[in-house]
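Every chain is numbered from 1, with letters handed out A, B, ... down the list of sequences.
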2 protein chains.
Amino acid sequence: MKRRNTQQRKVILDILRSTDIHPTADWIYERARQYIPNISLGTVYRNLKILRDEGLILELSDGKQSRFDGRIDEHFHFKCSNCNSIYDVDTEEAVRINEEILQKEGYQVHSYDITFTGICPKCNGSQN
Amino acid sequence: MKRRNTQQRKVILDILRSTDIHPTADWIYERARQYIPNISLGTVYRNLKILRDEGLILELSDGKQSRFDGRIDEHFHFKCSNCNSIYDVDTEEAVRINEEILQKEGYQVHSYDITFTGICPKCNGSQN
DNA sequence: GTATATGCAAACAATTTGCACGCCT
DNA sequence: AGGCGTGCAAATTGTTTGCATATAC
């Protein structure tokens, strides 16, 4: 299928690349309306799906909602169970994956997702 | 809150502990009906939430659905993008986590979830 | 010009919830 | 006896989809 380059898709991708809060579709929709006032939520969903299928963004499932990530280089996530924020974790030394072991058992690994859960520095400090 | 020991909750936990397919709420509901024919889906959902909050089971989010896991010892998951099955991965040598590095940055880690995605041995062999 | 993408609203699917009654403790 | 848990059905929420029109190419 030949894909068109629509203003809507460009705006959505720009928004995702300019934040690190891993927003929901709805958050992206509200922000996109500032640039294209009559954009529809359906269009946001359709484009997020397209961008994800093209490998330009990541879709994270957070309970029953999806969140989206404009960063596609290797990194991990930390989810605070107090404030529900999702942080990017860049300390690659914290994780060491040996895919070969899985491959020897017949698994063909394409990607992996690592999410830590706990209390973030902000909530940890302020005790709430 | 004082918790009662209901037949419904016991059946649900037994079902989850006797399978490794990481079932959905609906699958658990259908199976539970074999033991308690008039159990309701709402009750299944309510008890899964309770069991998860008590730390007796794990909730995995699989797209927009949730799946549940009766195993709570440390292990990882492999999701086949062909058949959508979720496998348990027990090779602890495949993953090495250094929580200390995160702790030094102020993160208080309670748990982590690691999910590999790719093609499972079954689908890999049969090419479909 | 033509086919893909859009806006809108209705449809869907998974999950949650209000309520009156039931049953553990 | 008292209150948490249940069954039932309706309500909610996040997401998807059909259709007529608009727009990128």
Side-chain angles (χ1 to χ4, degrees), chain A residues 1-16 21-69 79 81 84-86, chain B residues 1-16 21-69 79 81 84-86:
Chain A
M1 188 203 300
K2 187 163 37 185
R3 194 130 270 157
R4 282 193 217 157
N5 228 336
T6 67
Q7 197 194 150
Q8 284 85 340
R9 182 150 54 247
K10 185 181 178 336
V11 164
I12 290 168
L13 184 54
D14 285 348
I15 288 172
L16 262 170
I21 68 163
H22 310 88
T24 60
D26 208 65
W27 188 95
I28 296 164
Y29 167 60
E30 289 302 338
R31 170 137 323 186
R33 289 172 71 181
Q34 300 174 4
Y35 302 94
I36 306 174
N38 70 330
I39 192 173
S40 78
L41 185 55
T43 293
V44 172
Y45 273 105
R46 271 185 289 235
N47 278 301
L48 287 170
K49 222 170 160 184
I50 289 169
L51 290 167
R52 182 250 281 144
D53 289 345
E54 286 180 342
L56 295 172
I57 65 173
L58 293 178
E59 181 173 6
L60 318 173
S61 51
D62 175 31
K64 66 192 299 189
Q65 270 195 115
S66 279
R67 288 167 168 274
F68 298 88
D69 193 344
K79 179 173 180 187
S81 44
N84 286 316
S85 302
I86 295 178
Chain B
M1 188 203 302
K2 190 164 35 187
R3 195 131 270 157
R4 283 194 218 155
N5 227 337
T6 66
Q7 197 192 152
Q8 283 85 343
R9 183 148 57 246
K10 185 181 177 339
V11 164
I12 290 168
L13 184 54
D14 284 349
I15 288 171
L16 261 170
I21 68 162
H22 310 87
T24 61
D26 208 64
W27 188 94
I28 296 165
Y29 168 60
E30 290 301 340
R31 168 133 331 181
R33 289 172 72 181
Q34 299 174 5
Y35 302 94
I36 307 175
N38 69 329
I39 193 173
S40 78
L41 184 55
T43 292
V44 172
Y45 273 105
R46 270 185 289 234
N47 278 300
L48 287 170
K49 222 171 163 183
I50 290 169
L51 291 167
R52 182 250 281 144
D53 289 345
E54 287 180 340
L56 294 171
I57 65 173
L58 293 178
E59 180 173 6
L60 318 173
S61 52
D62 176 31
K64 67 193 299 191
Q65 269 195 118
S66 279
R67 289 167 168 273
F68 298 88
D69 193 342
K79 177 171 181 187
S81 45
N84 285 316
S85 302
I86 295 179

Its contact letters, B for base, S for sugar-phosphate only and - for none at protein heavy atoms under 4.0 Å, make nucleotides 13-25 of chain D read -BBBBB----BBS
Pair B:Leu56-B:Leu16, side-chain contact (heavy atoms from CB on, under 4.5 Å): steps then yes or no:
CA-CA 10 Å; B:Leu56 294 171; B:Leu16 261 170; over 6 Å; no
Quickly, which of A:Lys49, A:Arg67, A:Arg52 forms a side chain to side chain contact (heavy atoms under 4.5 Å, CB included) with A:Glu59? Name it, please.
A:Arg52
Separation of B:Glu54 atom CD from D:dG5 atom C1', in whole Å?
13 Å
Whole-Å gap separating P (C:dT15) and CG (B:Leu60)
12 Å
Expressed in angstrom and rounded to an integer, what is the separation of A:Ile36 atom CD1 from C:dA5 atom P?
15 Å
Bend angle of the helix from C:dG1-D:dC25 to C:dT25-D:dA1, end axes from five pairs each (to 10°)
40°
Do the non-hydrogen side-chain atoms of A:Arg3 and A:Glu54 ever get within less than 4.5 Å of each other?
yes
Interatomic distance where OH belongs to B:Tyr29 and P belongs to C:dA13 [whole Å]:
17 Å
Atom-to-atom span, CD of A:Gln8 to P of C:dT4 - whole angstrom:
17 Å
Does a nitrogen or oxygen in the side chain of A:Asn47 sit under 4.0 Å from OP1 or OP2 of C:dT6?
yes
Quick one: B:Lys10 NZ to D:dT6 P, roughly how many Å, whole number?
14 Å
Can you name the residues that form a side-chain hydrogen bond (donor to acceptor under 3.5 Å, both in side chains) with B:Arg9, not counting sequence neighbours?
B:Asn47
CA sep, side-chain torsions, deciding dist, call: A:Trp27, A:Ile21, side-chain contact (heavy atoms from CB on, under 4.5 Å)
CA-CA 10 Å; A:Trp27 188 95; A:Ile21 68 163; 3.6 Å; yes
Nearest-Å distance for atom pair CH2/C1', residues B:Trp27 and C:dT15
20 Å
Looking only at non-hydrogen atoms, find the nearest pair between A:Ile28 and A:Pro23 and report the distance.
CG1-CG, 3.8 Å
Check the pair B:Asn38, B:Ile36 against side-chain contact (heavy atoms from CB on, under 4.5 Å), reporting the backbone distance first and the verdict last.
CA-CA 6 Å; B:Asn38 69 329; B:Ile36 307 175; 3.9 Å; yes
Does the distance from a Lys or Arg side-chain N to an Asp or Glu carboxylate O, for A:Lys10 and A:Asp14, drop under 4.0 Å?
yes
Spacing of A:Arg9 atom CZ relative to C:dT4 atom P, expressed in whole Å:
13 Å
Trace of the side-chain contact (heavy atoms from CB on, under 4.5 Å) decision for B:Thr24 with B:Asp26
CA-CA 5 Å; B:Thr24 61; B:Asp26 208 64; 4.0 Å; yes
